[in-house]
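Counting starts at 1 for both ligands and their atoms, following the listed order. Index from 1, following the sequence.
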Amino acid sequence: MRPELAKTAIILIFSWLQNGAAGNSVEQKIYVELNHTVPCVRLLNATHQIGCQSSISGDTGVIHVLEAESDVDWVLSSGPNPPYMVLMEANFFNRAIMMRMKGSPRVAGVAVVIPKSGPPQGFSPHNSCPNEGTGVYSDSYGPELAGCNSTVWNPLGNSLSYENFNFPVFSLNDDNETEVIRKCFREHNVVRNGSSPQFPLCAMQLYSHMHAATDTVTCMRRNNIQNSFSVTPEVVCDAINDYNVWGSVHPLNNSAKGHKEGESVVIAAARIDGRSFFWDVAPSAEGAVAGFVTLLAAAHALRRVTVEAPPTRNILFTFFQGETFDYIGSSRMVYDMENGKFVINLDNIHSLLEIGQVGLRSGSRLWLHSDPVSRRRNSSVDAEVEKLVSNLQSVAKNLSLSLAEPNVSQPLPPSSFQRFLRARPIPGVVLADHQSAFNNRYYESVYDTAEHLQVTYPPGLSPEEQLEYVTDVAKDLAEVATLVARSLYLQANGSEANLPSITADPMTVTQMLYGFLVQSNNSWFQALTSPDGFTLEPHPLQYYVGVSGPPRPIKVTTRLVQYVLANLTGTATNLTQSQCQNPENLEGENKELWSYLWVRGSVSSNSSQGEAYCVRASVRLSKAVSPAFELQDYGSRDYSTWTESRWKLIRARIFLVASRELEMLTLGVGVAVLLVSLLVTYFISSKADLLFTSSREPTSTTY
Ligand SMILES: *[C@@H]1O[C@H](CO)[C@@H](O)[C@H](O)[C@H]1NC(C)=O
Ligand SMILES: *[C@@H]1O[C@H](CO)[C@@H](O)[C@H](O)[C@H]1NC(C)=O
Ligand SMILES: *[C@@H]1O[C@H](CO)[C@@H](O)[C@H](O)[C@H]1NC(C)=O
Ligand SMILES: *[C@@H]1O[C@H](CO)[C@@H](O)[C@H](O)[C@H]1NC(C)=O
Ligand SMILES: *[C@@H]1O[C@H](CO)[C@@H](O)[C@H](O)[C@H]1NC(C)=O
Ligand SMILES: *[C@@H]1O[C@H](CO)[C@@H](O)[C@H](O)[C@H]1NC(C)=O
Ligand SMILES: *[C@@H]1O[C@H](CO)[C@@H](O)[C@H](O)[C@H]1NC(C)=O
Ligand SMILES: *[C@@H]1O[C@H](CO)[C@@H](O)[C@H](O)[C@H]1NC(C)=O
Ligand SMILES: *[C@@H]1O[C@H](CO)[C@@H](O)[C@H](O)[C@H]1NC(C)=O
Ligand SMILES: *[C@@H]1O[C@H](CO)[C@@H](O)[C@H](O)[C@H]1NC(C)=O
Ligand SMILES: *[C@@H]1O[C@H](CO)[C@@H](O)[C@H](O)[C@H]1NC(C)=O
Ligand SMILES: *[C@@H]1O[C@H](CO)[C@@H](O)[C@H](O)[C@H]1NC(C)=O
């Protein structure tokens with residue numbers, strides 16, 4: 001009797017648990033998954049953690065929609081059903097409200113509804129003084145300029161992206177999905193006639209638990225412990241990293257690192273990354289794309305003249321990755337140059353021209369920023385900067401652009417150039433559309449989009465027609481690219497007589513703007529990229545650098561810049577696919593001087609597939625991993641220490657919850673049912689011979 005009783009009881013408990021508590025079929029009926037959300041994740045540096053996370057089992061709260069300031073009080077004090085999951089319109093997503101939420105135990109999490117365009121007054125969740133700790137200005141270098149003392153570059157910056165939140169924050173990017181949540185809220189949670197809403201209530205659950213905590217020093221130590229004691233190591237954080245892209249006018253022998261005798265190089269730089277509050281969301285139209293597209297167009301414009309009338313100096317185009325996170329790409333390239341690990345070293349650098357934010361100029365005016373400290377301290381640097389400035393100004397006279405220098409005492413804006421100046425005084429200029437504070441009202445935010453840059457098209461155009469439609473922005477940026485290309489040519493000691501033949505092509509610029517801002521899946525990008533390893537998407541690219549390295553692939557934006565640069569500066573060859581991979585023994589080909597890229601080729605009207613071919617270009621990738629990780633100096637003050645936490649599950653869903661009392665009641669009933677069934681089972685088993693006749697077939701019970 002006894003064992004049978006125990007068995008029955010266990011089966012009953014299991015069937016109750018299955019139906020009442022954790023049944024999959026039940027779960028599917030109750031939960032509505034949200035499929036278009038993006039979390040804010042945890043990032044760490046030498047001393048801090050920033051970003052957001054949920055508890056390990058997700059955070060749940062009753063949904064409350066912020067529609068007016070008074071709703072904030074409902075959430076923070078008067079509402080009867082805490083904790084709340086706060087659904088807010090983007091205009092409430094500001095520092096004042098988020099910091100109040102942050103201090104309250106009544107907030108389980110926040111979901112922000114992101115509209116298509118930003119608020120007219122601007123919004124930037126970034127610092128007001130980007131990368132202030134790792135630029136050139138410090139106590140020993142222009143202390144009066146350090147920490148944005150004299151010029152605040154991003155006055156709209158509210159630093160939300162650098163706060164640490166102990167609750168999840170997600171963005172909602174799909175209007176239909178947001179409407180589903182609002183409907184659930186309206187039907188169940190709205191306060192009617194002043195009385196509290198009745199259960200069941202609409203609740204939201206957000207999962208974004210992060211494995212790493214405290215700071216990079218701590219998480220790298222945990223990574224190492226895991227690696228040395230475990231067979232299947234569990235990494236908790238990864239260094240933020242990817243690759244820089246560079247190319248040169250005269251090919252540089254990539255096997256010979258360090259100083260190159262007789263090589264004098266003008267560096268032309270731009271950055272290719274950005275960020276926003278949310279993970280992997282960074283449209284960076286003005287923040288990065290306008291600048292690097294301008295530089296790509298300038299490289300293209302220089303292609304013919306540098307073959308026909310090569311200037312005596314070389315020009316090195318570099319596209320830095322990870323600059324947003326304390327200058328990862330440029331600090332690594334400078335470090336490599338200092339340590340003889342790059343194709344040239346610092347002695348080879350003649351001068352530097354950086355393209356900053358150039359897409360939002362007012363009128364014809366652009367600004368030439370230079371560093372007052374090196375100019376003051378070193379007269380030869382000052383003379384070279386003046387030459388560079390006068391080159392740029394003489395070129396601008398023939399274009400519809402006017403250039404000006406800001407006040408002599410103004411420091412450089414945040415720029416990769418600062419990392420070169422940290423190493424030594426190098427003459428250089430940063431070209432930008434702003435005199436002091438950024439023109440970009442949406443710096444490092446989700447609103448720095450194609451629309452913000454006014455990359456828009458007349459209605460009714462097909463994607464292919466948009467690709468070829470020359471926008472006004474494209475014309476403006478082509479003008480800037482012409483300025484950059486001609487100035488670089490003069491700077492490289494090219495003859496002034498050749499300048500008129502150097503002109504950037506607005507059609508190429510417009511195609512790049514379309515590909516980099518609207519959709520990468522277009523016929524041009526398809527034709528110039530490799531047949532494998534590329535997924536081109538029918539929506540805008542994001543420029544958050546992220547983490548790469550095996551098994552994760554190189555960031556697609558990096559590879560696109562690489563392939564576009566190869567298309568614009570390289571040569572189509574007639575090599576076969578296997579020769580393209582291994583051109584060593586072929587006459588005139590050399591892997592040390594060139595990269596060989598196998599690309600799809602354009603599709604002609606009568607075939608569905610392009611004719612693939614091999615492009616030869618002096619375009620290469622170089623590591624953009626902060627030297628701090630190379631040196632294993634995770635507490636470094638000189639180099640970027642940013643890491644991104646790992647996580648298991650990112651998920652958002654809504655469902656109806658019963659009241660706590662109701663839940664307790666359900667549980668109580670469950671327990672009562674269990675007890676009763678135990679008693680009944682006991683009773684039945686003990687009286688079995690009375691209740692069932694012996695003629696009955698013995699059945700094996702199946703449950
Ligand atoms: C900021 O600059 C002013 C002069 O421009 C100087 O008097 C002041 O000490 C500086 N502040 C800091 C913190 O360096
Ligand atoms: C790490 O980031 C925090 C938050 O932005 C900042 O206050 C701190 O200075 C940074 N630490 C270092 C060493 O740069
Ligand atoms: C939203 O729903 C409408 C109608 O149901 C549909 O036409 C539209 O495509 C949906 N939008 C999105 C972004 O899913
Ligand atoms: C998300 O996708 C799932 C499965 O496709 C679907 O059942 C659910 O309704 C979707 N969520 C919303 C809010 O549309
Ligand atoms: C609110 O109160 C008014 C009058 O007191 C009543 O007519 C109405 O039905 C109430 N509405 C709800 C939703 O209870
Ligand atoms: C490139 O440099 C390497 C190492 O210095 C040398 O062996 C090789 O001959 C060079 N190649 C060319 C094409 O100059
Ligand atoms: C000025 O800078 C150049 C390098 O750009 C350097 O060779 C020279 O020694 C510097 N002069 C002084 C006085 O620091
Ligand atoms: C400006 O244009 C004139 C006429 O085309 C040309 O002779 C001159 O070299 C140009 N100067 C510059 C700096 O481009
Ligand atoms: C340039 O800066 C100096 C010192 O900050 C200031 O006195 C001067 O008025 C400024 N000049 C202009 C034209 O803004
Ligand atoms: C600049 O070019 C001229 C001829 O075009 C040449 O004579 C001169 O040596 C070059 N200067 C440098 C520094 O390369
Ligand atoms: C670049 O792409 C265009 C369009 O597909 C093509 O015509 C051109 O040949 C390409 N250039 C190179 C060097 O591959
Ligand atoms: C490629 O073209 C060159 C001339 O441009 C020719 O000498 C060579 O034989 C060709 N190679 C192949 C594989 O067709």
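Between the side chains of Q542 and D280, no donor-acceptor pair is found at a separation under 3.5 Å. No hydrogens or angles considered: nothing links the side chains of N45 and T216 as a donor-acceptor pair under 3.5 Å.
Interface atoms of ligand 6 facing N590, defined by a heavy-atom separation under 4.0 Å, are 13 (C). Set against the non-hydrogen atoms of A256, the atoms of ligand 6 under 4.0 Å away are 2 (O), 5 (O).
Between R313 and ligand 10, not a single N/O pair is under 3.5 Å apart.
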Residue pair I328, Q321: steps toward the side-chain contact (heavy atoms from CB on, under 4.5 Å) verdict: CA-CA 7 Å; I328 295 174; Q321 190 54 281; over 6 Å; no
Trace of the side-chain contact (heavy atoms from CB on, under 4.5 Å) decision for F167 with S54: CA-CA 5 Å; F167 51 70; S54 75; over 6 Å; no
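Protein heavy atoms are absent from the space less than 4.0 angstrom from atom 9 (O) of ligand 2.
The closest heavy-atom contact to atom 6 (C) of ligand 6, among the options L252, L593, N253, comes from N253. In the candidate list T134, L44, T47, I50, T47 is nearest to atom 11 (N) of ligand 2, counting heavy atoms.
Aromatic ring centres of F320 and W246 lie farther apart than the 6.0 Å criterion allows.
Under the side-chain hydrogen bond (donor to acceptor under 3.5 Å, both in side chains) rule, S330 has a single partner from E323, R271, R419, Q418, which is E323.
In this structure, atom 5 (O) of ligand 2 lies nearest to the protein heavy atom Y162 CD2, 3.3 Å. At the shortest separation from atom 14 (O) of ligand 2 among protein heavy atoms lies N45 ND2, 3.7 Å. Closest protein heavy atom to atom 3 (C) of ligand 10: N493 ND2, 3.6 Å.
Ligand 2 lies out of reach of Y639, whose nearest heavy atom is not under 4.0 Å from it.
Nearest heavy-atom pair across S159 and N127 is OG-OD1, 3.1 Å.
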